[in-house]
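Worksheet: one structure, shown below.
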Amino acid sequence: MRLFLCLLLALLLNACAGSQLRGTGDLGLVIERASGHVTLVNTSARQPYARIEGLGDLSHASAVYSRDGRYAFIFGRDGGLTKIDLLEAKIVKRVIQSGNAIGGSISQDGRIVVAQNYAPGGIKAFDAETLELLSEVPAEYAPGKFSKVVGLADVPGNKFAYALFEGGEIWVTDFSNPRQPTTQRYPAGKQPYDGLVTPDGRYFLAGLFGEDGIAMLDLWQPEKGARKILENYGRGEEKLPVFKMPHLRGWSVAQGKAYLPAIGRHEVLVVDVATWKEVGRIPVRGQPVFVMARPDGRQVWVNFAFPDNGKMDVIDTLAGKVVHAFEPGKGILHMEFAPRGENVWLSARDDNKVLIYNTMNFSQQGEIAADSPSGIFFTTRAARIGF
């Protein structure tokens, strides 16, 4: 009987520690924008391990992670907020929190998930455990006038910084008391279209669509207000049509320089982060959308708006120029680096594939079938400010 019980216990332990046992730091997901699915992936095996349906409109979706990397929070275009368990590969809870939304973020302590909304304009805070609505901040920039919210980013102190497109302001909301948040407002400029927080959490930058330049707020000294940087980079030059708004969230910092997409131009701007002045421009083969650095900062990978959205350019930051240019597929929308940068994953929307490339020799290492893939999000984002 004793031997039988020991064998039974061993079988039970083996069942609990079966093939589904995974470390969350090795995981990620791919948004399948056409079908409302997400595919869960293992970044070391470079293979999918599950596919989840029922996430609604993912035509402009993004994701953030809980501090432990177990749970993903998906923000859909239809206002859906979905919590996914990556280990059990299932939806934990889903709520429809607005009519039109484009993203969200999670607080420094991991307890609050905040969604940014176009309609109605504003942000809403939810309990990360239960998705209970805690509070909301309408983006009413003038009496009866509400703005789309863009560029939402978590910043230290359980605060969130974001921009108001129509309102032309940067707001910083403190959720120290999540049911009674407080907000500070700062004039920013014409039509801020996206935002980011620097890796150290000090500066919030909002790109301006309605005028040349970027608005920057020093979060350590917010009383000084937002100031304009790079306001002369397009001055006196012919305005060019913009086929897709660039994304600042994928910006890059290497060797004390920032690499940013120039709106409507076939250039990447190089900025000295000590002075926030332009120190160079790098010609590329289209209008940049994402300008993202490999984790070590040696390379910057650039994708483009239509009609050049099948191309990729790779910048060597030491050489200060494009050193590799190729066309990996049709409709290259997003990219994500493996945690240590040995490979990069590219979503080829119109080929229904995710392509994986070695970043040292640019050889293809694999591919994963996906239905119109767009955003790729790995759990290493859980430990990064603003991601």
Side-chain angles (χ1 to χ4, degrees), residues 20-98 101-116 124-132 152-154 160 247 249-250 333-339 345 347 354 368 370-387:
Q20 299 304 306
L21 188 64
R22 299 181 175 91
T24 57
D26 211 26
L27 306 181
L29 62 85
V30 176
I31 300 290
E32 298 184 62
R33 60 182 289 147
S35 61
H37 287 75
V38 296
T39 290
L40 306 186
V41 297
N42 182 300
T43 63
S44 290
R46 301 195 294 274
Q47 293 292 330
Y49 68 90
R51 189 167 185 253
I52 302 173
E53 64 180 354
L55 280 86
D57 183 354
L58 299 181
S59 60
H60 194 300
S62 63
V64 297
Y65 290 99
S66 59
R67 284 165 59 100
D68 60 5
R70 176 169 181 174
Y71 299 100
F73 300 89
I74 314 294
F75 305 91
R77 190 61 187 256
D78 56 1
L81 169 57
T82 308
K83 182 178 181 178
I84 290 177
D85 187 328
L86 270 68
L87 295 184
E88 296 189 359
K90 68 178 185 180
I91 292 175
V92 177
K93 189 169 183 178
R94 174 174 165 79
V95 298
I96 301 296
Q97 56 86 31
S98 76
I102 63 161
S105 191
I106 189 166
S107 62
Q108 185 179 39
D109 64 8
R111 298 172 61 188
I112 304 165
V113 175
V114 175
Q116 67 175 12
K124 291 184 178 180
F126 298 85
D127 184 287
E129 181 69 26
T130 64
L131 295 192
E132 173 196 0
L152 179 76
D154 58 282
F160 293 81
H247 287 258
R249 192 57 58 88
L333 296 189
H334 290 259
M335 67 191 94
E336 184 85 333
F337 289 93
W345 297 42
S347 60
V354 172
I368 294 172
D371 189 4
S372 295
S374 57
I376 305 171
F377 304 93
F378 294 161
T379 54
T380 45
R381 290 172 173 251
R384 298 178 64 184
I385 295 173
F387 276 83

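For the single chain, residues carry numbers from 1 onward in sequence order.
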- Task: Taking atom CZ of Arg111 as the centre, report whether more than 12 heavy atoms of other residues, nucleotides or ligands fall under 6.0 Å from it.
- Result: no
- Pairwise side-chain contact, Arg33 with Arg77, heavy-atom cut-off 4.5 Å (strictly under): no
- Heavy-atom donor-acceptor pair, Lys83 side chain to Ala128 backbone, under 3.5 Å: yes
- Query: Going by an N to O cut-off under 4.0 Å, is there a salt bridge joining Arg67 and Asp154?
  - Reply: no
- Message: Could you measure the distance from the CG atom of Leu81 to the CZ atom of Arg94? Nearest 0.5 Å is fine.
- Response: 8.5 Å
- Is the backbone N or O of Arg51 less than 3.5 Å from a side-chain atom of Thr39, with the two atoms forming a donor-acceptor pair by type? no
- Task: Assess whether side-chain contact (heavy atoms from CB on, under 4.5 Å) is satisfied between Leu131 and Phe73, documenting all intermediate values.
- Result: CA-CA 10 Å; Leu131 295 192; Phe73 300 89; 4.0 Å; yes
- Message: Looking at every non-hydrogen atom in both residues, tell me the closest pair between Ala370 and Pro373 and how far apart they are.
- Response: O-CD, 3.6 Å
- Between the main-chain N or O of Thr24 and the side-chain N or O of Thr379, is there a donor-acceptor pair closer than 3.5 Å? yes
- Are the side chain of Asp78 and the backbone N or O of Asp57 linked by a donor-acceptor pair below 3.5 Å? yes
- Message: Please give me the minimum heavy-atom distance between Ser105 and Ala153, naming the atom from each residue.
- Response: OG-C, 4.0 Å
- Query: So does Arg70 pair up with Glu88, basic N to acidic O under 4.0 Å?
  - Reply: yes
- Parallel, tilted or perpendicular: rings of Phe378 and Trp345 (30°, 60°): perpendicular
- So, does Glu32 use its side chain to make a donor-acceptor pair with the main chain of Asp371 at under 3.5 Å? yes
- Side-chain donor/acceptor of Tyr49 to backbone N/O of Ala89, under 3.5 Å: no
- Item | Nearest heavy-atom neighbours spanning Ser374 and Leu333 | CB-CD1, 3.9 Å
- Minimum side-chain heavy-atom gap Ile106-Tyr65 below 4.5 Å: no
- Task: Check Ala61 against Gly76 and note the closest heavy-atom contact, atom names and distance.
- Result: CB-CA, 4.5 Å
- Query: Out of curiosity, Leu55 CG to Thr82 OG1, how far, rounded to the nearest 0.5 Å?
  - Reply: 4.5 Å
- Message: Is the shortest side-chain heavy-atom distance between Leu40 and Leu27 below 4.5 Å?
- Response: no
